[in-house]
Amino acid sequence: MNIRIEDAFRTDAGRILGAVTAYTGDLQLAEDAVQEAFARAIAQENAGEGPGNPAAWITTAARRIAVDTIRRERTAARAHPLLVADAASPDEADPGEFAFTGDERLELILTVCHPELGEETRLGLALRFACGIPTRDVASMLLVTESAMAARLTRAKRHLHESSIRFAMTDGRQVAERMPDALSVISLMFTVGYDAPARAEAAQLCADAIELARDAHRIRSDDPEAAGLLALLLLTHARRPARLDPAGELVELAAADRRRWDVRMLAEGELLATRALTVGTGRFALQAGIAGLHAIAAEWEHTDWDAIARLYEGLVDLWPSPSSRLARLVARGHAPAIGPESARLELDADEALFRGTTAAQAFAVRAELDVQCRDPLSALTDLHEALIRTEDPAVRRHLERRISALTV
């Protein structure tokens, strides 16, 4: 693929698909049209007649291709009226040269978060097509096999194509109903990038997620969860410069050089988090409050762990996911009012955390609680269990360093 077209695909494919889907109201039709438009752009580039603005040209071409497809289908419908039902379609006038007006991916996310689809399918569609997350990674996040996820996405696209429900950004009720799903998708997109800072596309995924969160907050400025999500992403991303050491290895929050944190991003995030918690106690508002407490601590030792543990109690009551339950126990282990012994007993009682995709993290958390309990032998055993269950090279090296430190 030509470099300029490749750049457009990498940075703008989601926005292009979002714009064409909004124009046609049909993800399947839009996807086919965008693929064809990219192919035409490559052919023109190879002929020395490449477009000056590839993303805009491809979007315009895809919309025209979609219109031509609808016209052909209407002709066939007139020829075979009993076989094809009338379908909603965009204005057939020439769409003209396209210009992005915002992040059209948010509209695509809201479009595919269709009420007739199951929650996991809605999230999977949005992550795959709006966020560009590979199917294998989407399957891993949603705890299904890659083949099962691929089949589910295919069925879901077909269902959207056949559904009579069409999404419109101008419909405030639809936007409000679908926004919680959209916020979850944006959060997952950010997590994919932040949890693997060494992967090539990690920084772009995080930046794109923040851009989407800004768009969500812009159109739902009175929603504390939209404000909370944006605050959470900003407060978390502000720590990114200190996430890796000069050798590219992961650095724990306790050892991070806080002087390298992005001060302006922290300030914006803290203000948003305060506003979110003032009017709401939803999942993202609570998480933003937790991130804010980490951000205002000048040193690890100054962290208000009791306050963080209280916020985690509310979060787990509201959203008892494995990740929030584990994080709650970390906070309780550091909280002077509770302590590591109690946290370790609570972790041992939550046996489900030691199965499936959270097992490695659960063993790693218990190892740190072991260290706090002055039980290095148990810590070594748990670190080895975590290592066995970990595939990420950077995380494996981090665990190996922890094992080495305990065996000296």
Side-chain angles (χ1 to χ4, degrees), residues 14 105-106 109 113 119-120 122-144 149 180-217 225-226 228-244 250-253 265 269 273 282-292 294-295 312 315-316 318-328 330 353 356-362 364-365 390-395 398:
R105 288 172 301 180
L106 179 60
I109 291 172
C113 288
E119 180 181 8
E120 286 190 353
R122 297 195 300 267
L123 298 181
L125 274 174
L127 288 166
R128 178 66 192 93
F129 295 104
C131 304
I133 308 295
T135 302
R136 64 178 181 278
D137 292 339
V138 174
S140 177
M141 281 188 281
L142 299 180
L143 308 181
V144 299
M149 177 53 64
D181 276 341
L183 298 180
S184 294
V185 168
I186 296 167
S187 175
L188 287 169
M189 180 184 185
F190 180 86
T191 299
V192 171
Y194 194 78
D195 282 355
R199 64 190 285 178
E201 67 274 25
Q204 189 63 52
L205 282 170
C206 291
D208 286 351
I210 291 173
E211 183 180 351
L212 284 165
R214 287 193 186 280
D215 250 25
H217 180 52
E225 283 296 87
L229 176 63
L230 178 56
L232 172 63
L233 301 195
L234 290 171
L235 290 166
T236 305
H237 198 58
R239 306 199 300 255
R240 185 179 182 84
R243 280 270 286 165
L244 301 176
L250 288 172
V251 177
E252 293 179 319
L253 181 59
M265 197 174 288
R283 166 189 164 192
F284 293 118
L286 289 169
Q287 288 180 288
I290 292 165
H294 281 298
Y312 269 120
L315 179 62
V316 170
L318 182 68
W319 186 58
S321 70
S323 60
S324 63
R325 289 176 1 236
L326 278 170
R328 167 184 167 272
V330 171
L353 293 174
T357 58
T358 59
Q361 189 179 0
V365 167
T390 300
E391 296 182 1
D392 186 277
V395 178
H398 172 73

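On a predicted model such as this, the values are computed, not experimentally measured, just so you know.
When all heavy atoms are compared, the tightest approach of Ala295 to Leu235 is CB-CD2, 3.9 Å. For Tyr312 against Ser324, the heavy-atom pair with the smallest separation is CD2-O, 4.1 Å. Between Leu326 and Ala362, the closest heavy-atom pair is CD2-CA, 3.8 Å. Closest heavy-atom contact between Tyr194 and Cys206: N-SG, 3.4 Å. Across all their heavy atoms, Ile109 and Ala130 have their closest contact at CG1-CB, 3.4 Å. Considering every non-hydrogen atom in both Ala202 and Gly193, the closest pair reads CB-O, 3.3 Å.
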Practice item. Carefully, step by step, assess Val251 and Leu244 under the rule side-chain contact (heavy atoms from CB on, under 4.5 Å). Key: CA-CA 5 Å; Val251 177; Leu244 301 176; 5.6 Å; no
Point to revise | Leu205 vs Ile133, side-chain contact (heavy atoms from CB on, under 4.5 Å): CA-CA, chis, key distance, verdict | key: CA-CA 9 Å; Leu205 282 170; Ile133 308 295; 3.6 Å; yes
**Study point:** Audit row: Leu123, Met141, side-chain contact (heavy atoms from CB on, under 4.5 Å) steps and yes/no
**Key:** CA-CA 10 Å; Leu123 298 181; Met141 281 188 281; over 6 Å; no
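Distance check, rounded to the nearest 0.5 Å: CZ of Arg325 to OG1 of Thr358 gives 7.5 Å. In this structure, CD on Glu225 lies 7.5 Å from CG on Leu286, to the nearest 0.5 angstrom. Residue Leu315 holds its CG atom at 6.5 Å from OG of Ser321, rounded to the nearest 0.5 Å. Taking CG of Asp181 as the reference point, atom CZ of Arg122 lies at 4.0 Å (rounded to 0.5 Å). In this structure, SG in Cys131 is found 8.5 Å from CG in Asp208, a value given to the nearest 0.5 Å. Of the inter-residue distances, the one linking Phe129 atom CZ with Thr135 atom OG1 reads 6.5 Å to the nearest 0.5 angstrom.
Side-chain contact check for Met265 versus Arg240: every heavy-atom pair is 4.5 Å or farther apart. Residues Arg128 and Met149 fail the side-chain proximity criterion, which asks for heavy atoms closer than 4.5 Å. Side-chain contact check for Leu183 versus Arg283: every heavy-atom pair is 4.5 Å or farther apart.
For the side chain to side chain donor-acceptor pair (under 3.5 Å) test, no residue two or more places apart in sequence or in another chain qualifies with Glu119. Evaluation of the salt bridge (Lys or Arg N to Asp or Glu O under 4.0 Å) rule for Arg214 yields Glu268 as partners, not counting sequence neighbours. The salt bridge (Lys or Arg N to Asp or Glu O under 4.0 Å) search around Glu252 returns none, not counting sequence neighbours.
At distances below 3.5 Å, not a single donor-acceptor pair connects side-chain atoms of Arg239 with backbone N or O atoms of Leu253. Panel note: side chain Ser140, backbone Arg136; no donor-acceptor pair is recorded below 3.5 Å.
For the side-chain contact (heavy atoms from CB on, under 4.5 Å) with Ile186, the lone residue among Leu127, Asp215, Leu233 that qualifies is Leu233.
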